[in-house]
Amino acid sequence: MRRPIRTSAALAPLAAMLLCAGCLSAGSPTEPNGPSGPRAISIVINNLGLSFPEGMDENENPYLAYIEQRTDLDIQVITPPPEVYEERLDVIMSSGKLPDMLHTYEAVWFDNYLKQDAFMPLDDLLAAYGPNLLERIPDELWDRVRYNGQIYAIPSLNEVIGDELMYVRKDWLDRLGLEPPETLEEYYEVIRAFTLNDPDGNGKRDTIGLMMMFDLGRSAPFFGAFGVQPGMWLERDGQLVNGSILPETKQALAYLAKLYREQLLDQEFPLNLQSNLYEKVENGMVGLFSATWYDTRGPIAANKRREPEAEWIKLPYPVGPKGHSGVKGKDQVRGYNVIPVGTAHPELVIQFLDFIVSDYKNLKLGFEDEIWRMENGRMVTDFDMHDKHLYRGIYQSLVDVPDAELFKQRLDSLGDFNLYDNIMTIHEHILPNAFYGAPTPAMSKYDRTLEELQEVFVRIVMGIEPLDTFDRFVADWRAQGGDEVTAEVNAWYRKQQEEAQ
């Protein structure tokens, strides 16, 4: 899973505070001292930004109690702040007081410590204590966590392999006499009209043609119109090339820069977090944007409650000058569960994770007859209870395994929000990443440097840097580790081709 571009200036004070040695003083509630007892384990996991009902936390709630009861385990849960999660994992790994298990969403982080012999091999433990894990996780994905022939992590899988698709307010199109756009040129005309032609009919210029987020989030369909996605590896003339440095990416940036220059793209996009985007959609300021598959249940639904006349429809992905369209996909592996070397009872960790995957339905959906029930063969969800106990996902997502039938049942039970259809639309338009191997040594070494270089994309869109700065970015990217990464990626690619013959 690719790390988003960081707002380093904003996070620096917090990161400094969290990374200082004194922050892990003895007895700190986030220090993995480990619980006591013959069947006790400590685990470090990401809370995914989910909140707990009043009186509950990550160590006191019905779902953890259920897991502990069914596994006869005493589980201490440590949840570092998600904003600096990997940085805190680094602190824990160097602290000398290691938990029994850590979960990371970062392949590079996993690979870095794997190469330092920091994790236990798991083959024998899985054979003895993990029958459900071995059954539910496909063989080819176990290959992704092998090193020198041995398994070093239990992977969690992505049930959804892409996020973005285009949505538009059809009532605004109708009011302005416009058809749903398909090509980039048609998208431009609609975005322009939504900015300048008073689509909400209130006599004010207070609408936004297109919304994005601070790190160019929600822009994947526009890059896809040029046949690229930043960071994705594509085949060109028998070689793999990183999408970030291709001329088509420069063309996509030029398109977005034109929108920003003409004030058709939200001028505040560099400040937009997801909460800002949601607020602007809900308040009727936005009529077209790249939505996530679940936004129809979120800000779009909130806007329709506020404005009953609002009618939102799904759009085709914008088609570029050479007929390309599509959206960025996500790796099949979502996260990695690892057991540090020296863990006294690693078998308890395997038993814990094996239970997670074996009791998938209860932990994914919530308890039957409390959060959901079956009526006339159809699943019905109590929305209030579902939302109240969403925190259960921090445990269930440790070992997520797709279940197509249960997946559709669950999404349909959440209401008429087209959730399943949205996901199917995305899956049909994923631009495949040609590299799907474990991070190479150069990736581990240069990953953050190359990502920081890419922050220039925002400045190019804003006009702070001229478009031709992209050419300097490409040269810097190649010189500061990109060429080394590319060589390793292509060595992997040649090996895959040889094995396929």
[X] bridged to [Y] by N-O distance under 4.0 Å:
X: E307; Y: R169; value: yes
X: E405; Y: R410; value: no
X: R218; Y: D295; value: yes
X: K280; Y: E282; value: no
X: D163; Y: K330; value: yes
X: D331; Y: R144; value: yes
X: D359; Y: K364; value: no

Y66 and N61: CA distance, side-chain angles, deciding distance, side chain to side chain donor-acceptor pair (under 3.5 Å) verdict: CA-CA 9 Å; Y66 172 76; N61 62 75; over 6 Å; no

Step by step, work out the side chain to side chain contact (heavy atoms under 4.5 Å, CB included) result for F269 and L216. CA-CA 8 Å; F269 90 83; L216 298 189; 3.7 Å; yes

Heavy-atom count check: over 12 atoms from other residues, nucleotides or ligands less than 6.0 Å from [X] [atom1]?
X: Y129; atom1: OH; answer: no
X: E179; atom1: CD; answer: no
X: K388; atom1: NZ; answer: no
X: K495; atom1: NZ; answer: no
X: D387; atom1: CG; answer: yes
X: Q332; atom1: CD; answer: no
X: E60; atom1: CD; answer: no

Applying side-chain contact (heavy atoms from CB on, under 4.5 Å) between E86 and each of N112, T104, V108, report the one that passes.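 For E86, the side-chain contact (heavy atoms from CB on, under 4.5 Å) test succeeds with only one of N112, T104, V108, which is T104.
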
Would you check if the side chain of [X] reaches a backbone N or O of [Y] as a donor-acceptor pair within less than 3.5 Å?
X: N59; Y: V77; value: yes
X: R39; Y: T71; value: yes
X: D382; Y: D384; value: yes
X: T343; Y: I339; value: no
X: N283; Y: E279; value: yes
X: D354; Y: N132; value: yes
X: S219; Y: F222; value: no
X: W372; Y: G366; value: yes
X: Q229; Y: A220; value: yes
X: Y63; Y: F367; value: yes

Distance under 6.0 Å and angle within 45° of ring axis: R146 vs Y152: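 Relative to the ring axis of Y152, which defines the angle, R146 lies outside at least one limit.
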
Do the numbers put K408 on top of the ring of Y420, so that NZ or CZ is under 6.0 Å from the six-membered ring centre and no more than 45° off the axis?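 Yes, K408 and Y420 form such a contact.
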
Mind checking the [atom1]-[atom2] spacing from [X] to [Y]? Nearest 0.5 Å is all I need.
X: L411; Y: M424; atom1: CG; atom2: CE; result: 8.5 Å
X: Q69; Y: L64; atom1: CD; atom2: CG; result: 11.5 Å
X: L273; Y: L277; atom1: CG; atom2: CG; result: 10.0 Å

With side chain to side chain donor-acceptor pair (under 3.5 Å) as the criterion, how do E488 and T440 come out once you've worked through the C-alpha distance, each side chain's angles and the decisive distance to 0.1 Å? CA-CA 7 Å; E488 293 177 351; T440 72; 2.6 Å; yes

Describe, in one word, how the ring planes of [X] and [Y] are oriented to each other, choosing from parallel (under 30°), tilted (30 to 60°) and perpendicular (over 60°).
X: Y317; Y: H429; value: tilted
X: Y336; Y: F110; value: parallel
X: F417; Y: F383; value: tilted
X: W109; Y: Y113; value: tilted

Starting from the C-alpha separation in whole Å, work towards a yes-or-no answer on side chain to side chain contact (heavy atoms under 4.5 Å, CB included) for F223 and K328. CA-CA 9 Å; F223 284 94; K328 186 174 185 176; over 6 Å; no

State, to 0.1 Å, how close [X] and [Y] come at their nearest heavy-atom pair, and which atoms those are.
X: D111; Y: S444; value: OD2-OG, 2.9 Å
X: V341; Y: D117; value: CG2-O, 3.5 Å
X: M232; Y: P432; value: SD-O, 3.8 Å

If we ignore angles and hydrogens, is there a donor and acceptor under 3.5 Å between the side chains of W293 and N418?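 W293 vs N418: no donor-acceptor pair found between side chains.
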
Starting from the C-alpha separation in whole Å, work towards a yes-or-no answer on side chain to side chain donor-acceptor pair (under 3.5 Å) for Y105 and N46. CA-CA 9 Å; Y105 290 102; N46 196 316; 6.0 Å; no

For the pair D400 and N158, evaluate side chain to side chain contact (heavy atoms under 4.5 Å, CB included) and give the outcome as yes or no after the intermediate values. CA-CA 7 Å; D400 215 345; N158 266 316; over 6 Å; no

Apply the test side chain to side chain donor-acceptor pair (under 3.5 Å) to residues W312 and N303: give CA-CA distance (whole Å), side-chain angles for both, the deciding distance (0.1 Å), then the verdict. CA-CA 10 Å; W312 289 85; N303 173 245; 2.9 Å; yes

Could you go through L353 and N337, starting from their C-alpha distance and side-chain angles, then the distance that decides it, and tell me whether this counts as side chain to side chain contact (heavy atoms under 4.5 Å, CB included)? CA-CA 9 Å; L353 295 173; N337 300 281; 3.8 Å; yes

